[in-house]
Protein chains: 2
Amino acid sequence: MKFSPLLDELIRELQVLPGIGPKSAQRMAFFLLERERPRGQRLAKVLDRAMSEIGHCQHCRTFTEQDLCEICANPKRAAVRQLCVVETPADLAALEQTHLYSGRYFVLMGHLSPLDGIGPAELGLDRLAQRLDEEQLEELILATNPTIEGEATAFYIANLARERGVKVTRIAHGVPVGGELELVDGTTLSHSLSGRRPLE
Amino acid sequence: MKFSPLLDELIRELQVLPGIGPKSAQRMAFFLLERERPRGQRLAKVLDRAMSEIGHCQHCRTFTEQDLCEICANPKRAAVRQLCVVETPADLAALEQTHLYSGRYFVLMGHLSPLDGIGPAELGLDRLAQRLDEEQLEELILATNPTIEGEATAFYIANLARERGVKVTRIAHGVPVGGELELVDGTTLSHSLSGRRPLE
Ligand SMILES: [Zn+2]
Ligand SMILES: [Zn+2]
């Protein structure tokens, strides 16, 4: 034994958190016990509730404890005839922070990955196809990641949209603003070059 | 809003953990929601229990959910007439891993720090003095950290022991000066323990 059974168990369970090994878990446990018991208890309660109550928005699949997320429940967002497809709720949050997009989203909760058993059904693409059928969209924006899987997923969804006569766009990929050409990987640079535009 | 209220709250509360900022907290929340809900729930339950049930050993002050920790409850450890003073339960655990010490401990849960209002009473030194009076100790081993505060604390406790005619030793400075016991490798700590010398 190193610690009491309950303390050992706490240190072990904290290691479910990504990036947390035995040493960090031990430091976390002692920190909470020594200085932050009320906040530790509050974390325990909200974690328990979150794990059981947070599900997916019935409309866009993002995480929410309600039937519809705030964006889907907002009629102003529905009035915009654009739909933006992202891989994760974190990607949705990143796009929201640009304040440049006022339409709705569809969150895949992943990307096509046949080897892991993740196909169109797992990404809710039947639901997406249904939305493409029902909503008079002017544009479907594909904002999946510029990875092999993200590109393959975008390609697959682009076909769904084209079959239904919906215009499809893909977000631009290239050298990050403020970044240096020299430090950017080859794939990004290729995208950047092939996506070039005339200077007015 | 960035996420649903409950998800926002989870991301905020995760930031009570040391070293966890908004980005890491968000990654943790998504990781648990996407892949580890049952283990997330187990963590919530053990965290809740640990915060309310883990107290201090009545004898040595280390963390335990029982009245006495396993070491204090073990008559074999009581038969050894040595007592080792450490600053934290993590230091106790580090010493236990050397397998070179078979006596009991006294855990200060800190060190003297007058500016932070931490004096002899906060470190339980009245209880330690009582043990020095009651137990026929052959040796009091001072294993506080080799920092300014740790040395000052060792000096103070050495006087308590000398007043009672108990032999005092200090672990050797194999531990790097300015370093922390908890972070030192086992070999260094073993040298440090076996190289202890009487305090003049
Ligand atoms: Zn939604
Ligand atoms: Zn004890």
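Scope of the values below: all heavy atoms of this structure, side chains included, with no hydrogens, waters or symmetry mates. Each chain gets a letter, A, B and so on, in the order its sequence line appears, and its residues count up from 1.
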Open item on the list: So, applying salt bridge (charged side-chain N to carboxylate O under 4.0 Å, His left out) with E13(A), which one of R42(B), R49(B), K45(B) is it?
Closed with: R42(B)
Heavy-atom pairs under 4.5 Å with chain A, option from [options] with the top count:
| options | value |
| --- | --- |
| V46(B), L183(B), I20(B) | V46(B) |
| V16(B), D48(B), T88(B), L10(B) | V16(B) |
| E34(B), R27(B), E53(B) | E34(B) |
| A50(B), P38(B), G19(B) | A50(B) |

Open item on the list: For L17(A) and L17(B): C-alpha separation, side-chain torsions, deciding distance, then whether side chain to side chain contact (heavy atoms under 4.5 Å, CB included) applies.
Closed with: CA-CA 11 Å; L17(A) 300 172; L17(B) 299 172; 3.9 Å; yes
Which atoms of [X] approach chain A - backbone, side chain, both or neither, heavy atom under 4.5 Å:
| X | answer |
| --- | --- |
| T62(B) | neither |
| Q26(B) | side chain |
| Q97(B) | side chain |
| F63(B) | both |

Open item on the list: Check this for me: I148(A), atom CD1, are more than 12 non-hydrogen atoms of other residues, nucleotides or ligands nearer than 6.0 Å?
Closed with: no
Task: Engaged part of S24(A) at the chain B interface, taking heavy atoms whose separation is under 4.5 Å - done: neither
Open item on the list: Between Q66(A) and chain B, with a heavy-atom cut-off of 4.5 Å, which part of the residue counts as in contact: side chain, backbone, both or neither?
Closed with: side chain
Open item on the list: How long is the straight-line distance from CG of L32(A) back to CE of M51(B), given to the nearest 0.5 Å?
Closed with: 4.5 Å
